[in-house]
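One is the number of the first residue; the rest follow in order along the sequence. On a predicted model such as this, the values are computed, not experimentally measured, just so you know.
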Amino acid sequence: MKMRSWRRGTKEMDMVLGPYADAHLAGMAPEQLDLYDQLLRENDQDLLPWVLGQANAPEALGGLIAEIGQFARTRLQR
């Protein structure tokens with residue numbers, strides 16, 4: 001999953017999901033890993049607007065998308 005996070009197909013999503021995966025994957029519970037795996041099956045063209053808050057994410061992924069978006073924003077503010 002870490003490799004799939006860093007090699008998305010668009011550099012923007014590489015830079016969002018790669019650092020998130022590095023920081024969080026090792027500590028995720030099995031059900032969280034299943035949800036993250038589901039997220040990785042989504043297209044970057046859909047993921048980026050969800051993470052940026054430009055479009056509504058599917059309900060099942062909403063919490064995870066919000067967490068990833070907050071992580072990315074916090075990381076960029078450093």
Side-chain angles (χ1 to χ4, degrees):
M1 279 192 249
K2 204 178 262 197
M3 184 182 78
R4 289 171 50 209
S5 297
W6 276 106
R7 300 184 192 276
R8 293 295 307 166
T10 65
K11 192 63 170 173
E12 295 85 358
M13 287 312 301
D14 293 350
M15 299 309 297
V16 170
L17 293 181
Y20 179 85
D22 287 348
H24 292 91
L25 281 182
M28 285 183 169
E31 59 275 359
Q32 292 171 307
L33 289 170
D34 289 343
L35 188 60
Y36 190 74
D37 187 53
Q38 180 182 343
L39 176 134
L40 290 175
R41 287 186 241 131
E42 298 290 341
N43 291 318
D44 286 1
Q45 293 80 8
D46 296 324
L47 279 172
L48 188 58
W50 297 342
V51 170
L52 294 176
Q54 297 171 339
N56 293 327
E59 190 173 327
L61 297 174
L64 180 57
I65 294 286
E67 181 180 324
I68 291 168
Q70 184 59 49
F71 176 84
R73 283 187 291 282
T74 300
R75 200 173 143 264
L76 290 173
Q77 291 174 354
R78 292 184 203 173

Who pairs with Q32 by side chain to side chain donor-acceptor pair (under 3.5 Å), at least two apart in sequence or on another chain?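 Listed in chain order: nothing, the list is empty.
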Residue list, salt bridge (charged side-chain N to carboxylate O under 4.0 Å, His left out) with D37, at least two apart or on another chain: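 Only R4, R41 meet the salt bridge (charged side-chain N to carboxylate O under 4.0 Å, His left out) criterion with D37.
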For D14, salt bridge (charged side-chain N to carboxylate O under 4.0 Å, His left out) partners two or more places apart: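 With neighbours one apart ignored, the set is empty.
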All pairs passing salt bridge (charged side-chain N to carboxylate O under 4.0 Å, His left out) where [range] contributes a residue, at least two apart:
| range | value |
| --- | --- |
| residues 24-33 | none |
| residues 17-26 | K2-D22 |
| residues 62-76 | none |

Looking at every non-hydrogen atom in both residues, tell me the closest pair between A57 and G62 and how far apart they are.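 Answer, listing the atom of A57 first, then G62: CB-CA, 4.3 Å.
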Starting from M28, walk the hydrophobic network (Ile, Leu, Val, Met, Phe, Trp, Tyr; side-chain heavy atoms closer than 4.5 Å) and list everyone else you reach, by chain and number.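 Besides M28, the cluster holds M1, M13, V16, L17, Y20, L25, L33, L35, Y36, L39, L40, L47, L48, W50, V51, L52, L61, L64, I65, I68, F71.
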Mind checking who shares a hydrophobic cluster with W6, ILVMFWY linked at side-chain heavy-atom distances under 4.5 Å?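 Noted: W6 shares its cluster with M15.
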